[in-house]
Amino acid sequence: MNIFQEIQTQVQQAFPALFGSEVELNKITINETPKDFIGDITLVVFPLLKLTKKNPEESAKTIGEFLVNNNKNITAYNIIKGFLNIEIYNDYWINYVLNQESGILNPKSETVLIEYASPNTNKPIHLGHVRNNVLGYALAGIYKANGYNVIKANLTNDRGIHICKSMVAWQQFGNGETPENTTDLKCRKGDHLVGKYYVEFDKHYKQQIADLIEQGKTKEEAEKQAPILLAAQEMLLKWENGDEETIALWKKMNAWVYAGFDITYKNLGVDFDKFYYESNTYLLGKNSVEDGLQKGVFFKKEDGSVWIDLTEDGLDQKLVLRADGTSVYITQDIGTADLKYDDFKMDQSIYVVGNEQDYHFKVLKLIMQKLGRPYADGIHHFSYGMVDLPSGKMKSREGTVVDADDLIADMINIAKEQTEALGKIDDFTEDEKTALFRTIGLGALKFFLLRVDPKKRILFDPKESIDLHGFTGPFVQYTYARTRSILRKAENIISHDSQFMTQDYQLHASEKELIKVLYKYSIVLEESCKEMNPAKLIDYSYEVAKTYNKFYNDCPILVAETEEQKKIRLHLTQQTGSTIKKCFAIVGIDVPERM
RNA sequence: GGCCGCGUAGCUCAGGGGAUAGAGCAACUGCCUUCUAAGCAGUCGGUCGCACGUUCGAUUCGUGCCGCGGUCACCA
């Protein structure tokens with residue numbers, strides 16, 4: 001229990017004795033004291049006045065007196081209007097911070113399955129997918145750090161009409177181009193090769209539509225009759241019937257894509273515990289539809305199609321099985337949800353998917369609840385905003401995307417240029433340099449994507465490169481490198497006695513500020529999990545770095561005035577470094593020893 | 001049109017019933033013979049989209065309106 005909760009509970013328990021009535025815990029508002037007031041913690045008494053039956057000053061005084069007399073960590077209080085400002089002994093903060101060790105909060109027995117990435121195998125990964133990957137990985141890290149048992153799952157969308165489109169285009173216009181024999185350097189990476197034919201398909205499709213309209217067809221007719229589309233549809237049928245040639249082509253092209261994805265995942269530093277493939281799961285869910293029909297959750301229309309009526313839940317009727325008995329998107333998701341539960345018996349199932357699918361996941365959760373699945377209440381759609389360009393939405397089909405591989409390369413390049421300009425690492429080996437540029441470039445990129453509230457959309461202007469100064473990943477990384485530099489220079493610093501402080505040690509204002517920031521680590525970690533918001537942790541890492549830099553400017557460390565002061569400052573330096581490292585490790589950002 | 005999300009400084013974003021609304025970028029001013037200046041300190045910049053309501057107190061909660069985005073497929 002942290003000091004905020006401790007005081008809150010203490011006041012609640014003493015309340016009847018002090019004022020003769022009970023009080024709810026959430027009525028007791030505890031905040032950090034704003035900078036310009038004296039005190040560490042502030043209790044707002046206004047909400048309590050009805051219960052205390054006294055004016056604000058008297059109520060505050062009663063509580064203040066009680067706390068000073070009954071909590072050994074509290075040294076004094078002052079009252080300004082209805083605010084009770086409480087001062088805490090320095091020892092309390094210091095001892096807590098210096099002894100804070102573990103990075104993982106109390107282990108829990110719950111299992112959380114987090115599905116993210118979930119790419120289509122017809123095109124390379126773009127910036128929107130990068131946001132998904134980075135958010136999913138960070139969220140998983142946060143759950144882990146909060147003591148949950150976490151499974152990272154990737155549901156690869158490897159079949160369907162869109163996959164057949166690239167296949168058809170490659171067949172018709174590919175001339176046998178492969179990642180091995182291609183002259184297009186970019187297409188050596190297989191996902192780009194396949195993506196090229198996805199774009200190619202769209203080009204020809206549009207041209208054919210135009211031609212058909214020229215020949216007198218209506219737009220609707222033309223869109224349905226374009227030969228290349230018919231070819232894709234025919235290929236899908238062949239695929240579903242297990243046609244050997246088609247399956248072989250599908251396997252070949254998917255293998256190219258997977259090889260490419262592996263490289264990008266590795267570059268992004270994300271990983272998965274379990275891969276699901278839609279080609280294996282797309283037939284699942286039909287049994288559940290049968291089950292739902294018997295339970296009366298679903299109903300059958302005259303044409304044989306199966307529906308669910310969600311009008312009572314404020315939604316519409318939704319198709320779950322076509323009249324010809326084939327499944328739709330949601331049918332597969334029903335089946336896959338069950339499959340995940342069979343595999344992992346998860347308590348929570350989180351889907352990291354863009355907010356354009358809010359409606360779909362609302363429906364999915366309702367269906368699972370109505371089917372009475374034990375994990376249904378634990379389904380959660382982690383909905384995040386799109387990454388838009390100044391020109392609008394990114395569309396792979398039309399080639400208007402910020403490619404992930406390009407962007408990563410750009411970021412590393414920017415890191416390289418700026419680092420070399422500073423000339424601090426001229427003694428690095430080539431390997432060390434490469435590693436550092438990658439750490440900084442990816443740090444900047446991931447921080448940029450994570451610092452924004454997930455549900456907000458991000459506008460990305462490719463013309464403006466991602467910054468390396470200010471509220472950025474490299475700023476925090478730089479601070480970490482600073483702490484490392486100090487610690488390298490200090491010799492036999494970290495004595496393991498943590499009680500070395502004398503009672504009357506006077507904390508410098510910047511020391512105290514830093515200590516109080518470091519104190520909040522586990523509070524923030526817990527909050528970022530509860531609110532499912534990696535930005536909280538990112539924001540905090542910045543606050544730590546910012547506060548340390550101020551401390552660094554104000555307080556000499558290695559040349560401190562006394563040995564005691566030096567020890568404390570080195571400890572704070574060490575704690576700052578480890579806190580930054582922990583935060584960044586959780587969300588998947590590396591940290592350099594020097595930069 | 002129905003439903004969902006968003007609207008805070010010139011720009012990008014924090015805050016989320018409580019005291020004087022905070023950062024970064026941009027612009028301007030100082031600080032490297034001292035532990036990494038990718039830093040620190042400062043100046044400039046706000047009717048928290050608009051209106052009404054609830055409250056001791058609203059930028060925060062509610063309702064309505066306006067603006068932007070998404071969605072309402074037998075696509076995924």
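No hydrogens, no waters, no symmetry mates; every other heavy atom, side chains included, goes into these values.
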Check: Given pairs defined as Watson-Crick or G-U wobble with both distances under 3.5 Å, what dot-bracket annotation applies to RNA chain B, with ( ) intrastrand, [ ] crossing, | other strand and . unpaired?
Finding: (((((((..((((....[...)))).(((((.......))))).....(((((..]....))))))))))))....
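Heavy atoms of A:N122 sit nowhere under 4.0 angstrom from any nucleic acid atom. Base engagement by A:F46 is indicated by at least one non-hydrogen atom pair under 4.0 Å involving a base atom. Note on A:V452: only backbone sugar-phosphate atoms sit closer than 4.0 angstrom, heavy atoms only; bases stay farther off. Among the protein residues, A:Y329 comes within range of the nucleic acid bases, having at least one heavy atom under 4.0 Å from a base atom. Note on A:M386: nothing from the nucleic acid sits closer than 4.0 angstrom, heavy atoms only. Residue A:E278 is classed as a sugar-phosphate contact, given heavy-atom separations below 4.0 Å to backbone atoms only. Residue contacts shown for A:P47 include a base, since a base heavy atom lies under 4.0 Å away.
More than 12 heavy atoms of other residues, nucleotides or ligands shown are found within 6.0 angstrom of NZ on A:K433.
Residue A:Y478 places at least one side-chain N or O under 4.0 Å from the OP1 or OP2 atom of B:A38.
When distances run from any side-chain atom of A:L468 to the nucleotides B:A38, B:U71, B:A76, the shortest one goes to B:A38. For A:K393, counting side-chain heavy atoms from C-beta on, the closest listed nucleotide (B:G70, B:G39, B:A19) is B:G70.
Whole-Å rounding puts the A:D36 CG to B:A19 P distance at 12 Å. Rounded to whole Å, the distance from CD on A:E356 to P on B:C72 is 10 Å. Atom CD1 in A:I41 sits about 17 Å away from atom P in B:A19, given to the nearest Å.
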Distances for protein N/O vs nucleotides 31-35 of chain B N/O pairs under 3.5 angstrom?
from	atom 1	to	atom 2	distance (Å)
B:C35	O3'	A:K489	NZ	3.0
B:C35	O2	A:I557	N	3.4
B:C35	O2	A:L558	N	2.9
B:C35	N3	A:I557	N	3.0
B:C35	N4	A:Y552	O	2.5
B:C35	N4	A:C555	O	3.0

Below 3.5 Å between N/O atoms, which protein atoms pair up with nucleotides 5-11 of chain B? Just atom names and distances, please.
from	atom 1	to	atom 2	distance (Å)
B:G7	OP1	A:K456	NZ	3.3

Strictly under 3.5 Å: I want the nitrogen or oxygen pairs between protein and nucleotides 21-27 of chain B, one per line.
from	atom 1	to	atom 2	distance (Å)
B:A23	O2'	A:Y542	OH	3.1
B:G24	OP1	A:K546	NZ	3.1
B:G24	O2'	A:F471	N	3.2

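Taking every heavy atom of residues 312-326 of chain A and every atom of RNA chain B, pairs under 4.0 Å involve A:D316, A:L319, A:R322, by number. In the region residues 26-35 of chain A, proximity to RNA chain B at under 4.0 angstrom, judged on heavy atoms, holds for A:P34.
For the C1' atoms, the distance linking B:A38 with B:C56 amounts to 48 Å, nearest Å. When the P atom is used for both B:U59 and B:G2, the distance is 29 Å, rounded to whole Å.
Base orientation of B:C32: syn (glycosidic angle within 90° of 0).
Interface remark: the A:T419 side chain does form a donor-acceptor pair with the B:A38 base, using a distance-only criterion of under 3.5 Å. Evaluation of atom-type donor-acceptor distances gives a pair under 3.5 Å for the side chain of A:D303 against the base of B:C74.
When ring centroids are compared, A:F475 and A:Y478 stay outside the 6.0 Å threshold.
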